[in-house]
Amino acid sequence: MEQNRLEAFEKMLSAVQEEYEGILSGMERMKAEKKTKTVTYQQLMARKLMYQNMLSMYQIYGLTSEQSGNLPGQPQAPEKESGWTCPECGRTFKKKGQSHYCGKAKENVDAYIAGQPEEIQPYLQEIRHAISKALPDAEERISWSMPTFWKGHNLIQFAGFKKHIGLYPGPEAVEAFADRLEAYKTRKGTIQIPYTRPLPLELVAEIARWCAKA
């Protein structure tokens, strides 16, 4: 029962975190296009605040750790033996390298990937290499806490999650490639690429080039 609750909480957190990063990506794109005074941008601002509050709640109550019983109105879970402590945020988890919302952005893409669980780092490097090869003139940087390829503005971003890689090319790109993305879960400018199937590196490269020309 406890394990089922933990898995449900982690699934909720992953969805909230991905939605939040998608909002940040959309806001960055609209800023580059000088659309910050539009109604859509103001709506994104409101949603950003809402998701920030949700992520803060998860962080406060430790829903990404094994301490998932510490919810408002729930009995306090017994204190467990300490395990791995994240060097960035200082929180303690049972599993070494436990994926969680740390709240502190990495300084560069190398640091971002190194901070992810070891088993997903090779996948992130493959996505990174595919985009880098497709956009040789783009600069790598961290924007909105995500690896970003930038040339005058953010072209495309990606992020690692427990079960998939989130690719953020923007809603126009997702719409343009809709017929080739039917096998993947997409929403609001986001593409979810699961680790359980071969990475569509050629498609990722094509999408990246499309973003550079758009």
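The structure displayed is predicted, hence computed values, not measured ones.
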Going by side chain to side chain donor-acceptor pair (under 3.5 Å), name the residues that satisfy it together with Glu140, two or more places apart in sequence or in a different chain.
Arg128

Exceeds 12 heavy-atom contacts within 6.0 angstrom, atom NE2 of His153
yes

With heavy-atom distances below 4.5 Å as the criterion, would you say the side chains of Val109 and Thr148 are in contact?
no

Compare every heavy atom of Ala205 with every heavy atom of Ala130, then report the nearest pair and how far apart it is.
O-CB, 4.0 Å

Can you confirm whether Glu118 is buried at CD, in the sense that more than 12 heavy atoms of other residues, nucleotides or ligands lie under 6.0 Å from that atom?
no

Using the six-membered ring of Tyr184, assess whether NZ or CZ of Arg197 lies under 6.0 Å from its centre and within 45 degrees of the ring axis.
yes

Could you check whether any side-chain heavy atom of Ile207 comes within less than 4.5 Å of a side-chain heavy atom of Ile131, counting everything from C-beta outward?
no

Does Ile127 reach the side chain of Leu199, with side-chain heavy atoms less than 4.5 Å apart?
yes

What distance separates Cys211 SG from Ile156 CD1, expressed to the nearest 0.5 Å?
4.5 Å

Parallel, tilted or perpendicular: ring planes of Trp210 versus Phe177, cut at 30 and 60 degrees:
perpendicular

State, yes or no, whether a side-chain contact exists between Gln157 and Phe149 at a heavy-atom distance under 4.5 Å.
no

Could you state the interatomic distance from CZ (Arg209) to NZ (Lys133), rounded to the nearest 0.5 Å?
9.0 Å

To the closest 0.5 Å, what do you measure between CZ (Arg141) and CG (Asn154)?
7.0 Å

Would you find a donor on one side and an acceptor on the other, under 3.5 Å apart, between the side chain of Tyr112 and the backbone of Gly160?
yes

Around atom CD of Glu175, are there more than 12 heavy atoms of other residues, nucleotides or ligands at under 6.0 Å?
no

Do the side chain of Gln121 and the main chain of Gln116 share a donor and acceptor less than 3.5 angstrom apart?
yes

Side chains of Arg180 and Glu206, heavy atoms from C-beta outward: is any pair under 4.5 Å?
yes

Could you give the distance from OG (Ser143) to CG (Leu155), rounded to the nearest 0.5 Å?
11.0 Å

Hydrophobic cluster membership, Ile120 vs Ile142, 4.5 Å side-chain cutoff:
yes

Interatomic distance, CD@Gln192 vs OG1@Thr186, rounded to 0.5 Å, equals 9.0 Å

Determine whether Trp150 and Val204 fall in the same hydrophobic cluster, where Ile, Leu, Val, Met, Phe, Trp and Tyr are linked whenever their side-chain heavy atoms lie under 4.5 Å apart.
no

Nearest-0.5 Å distance, NZ of residue Lys163 to OG1 of residue Thr196:
9.5 Å

Ignoring hydrogens and geometry, is there a side-chain-to-backbone donor-acceptor pair from Tyr195 to Phe161 under 3.5 Å?
yes

List the steps and the verdict of side-chain contact (heavy atoms from CB on, under 4.5 Å) for Thr190 and Leu167.
CA-CA 6 Å; Thr190 303; Leu167 189 68; over 6 Å; no

Validation row: Lys151, Leu135 side chains within 4.5 angstrom (heavy atoms):
no

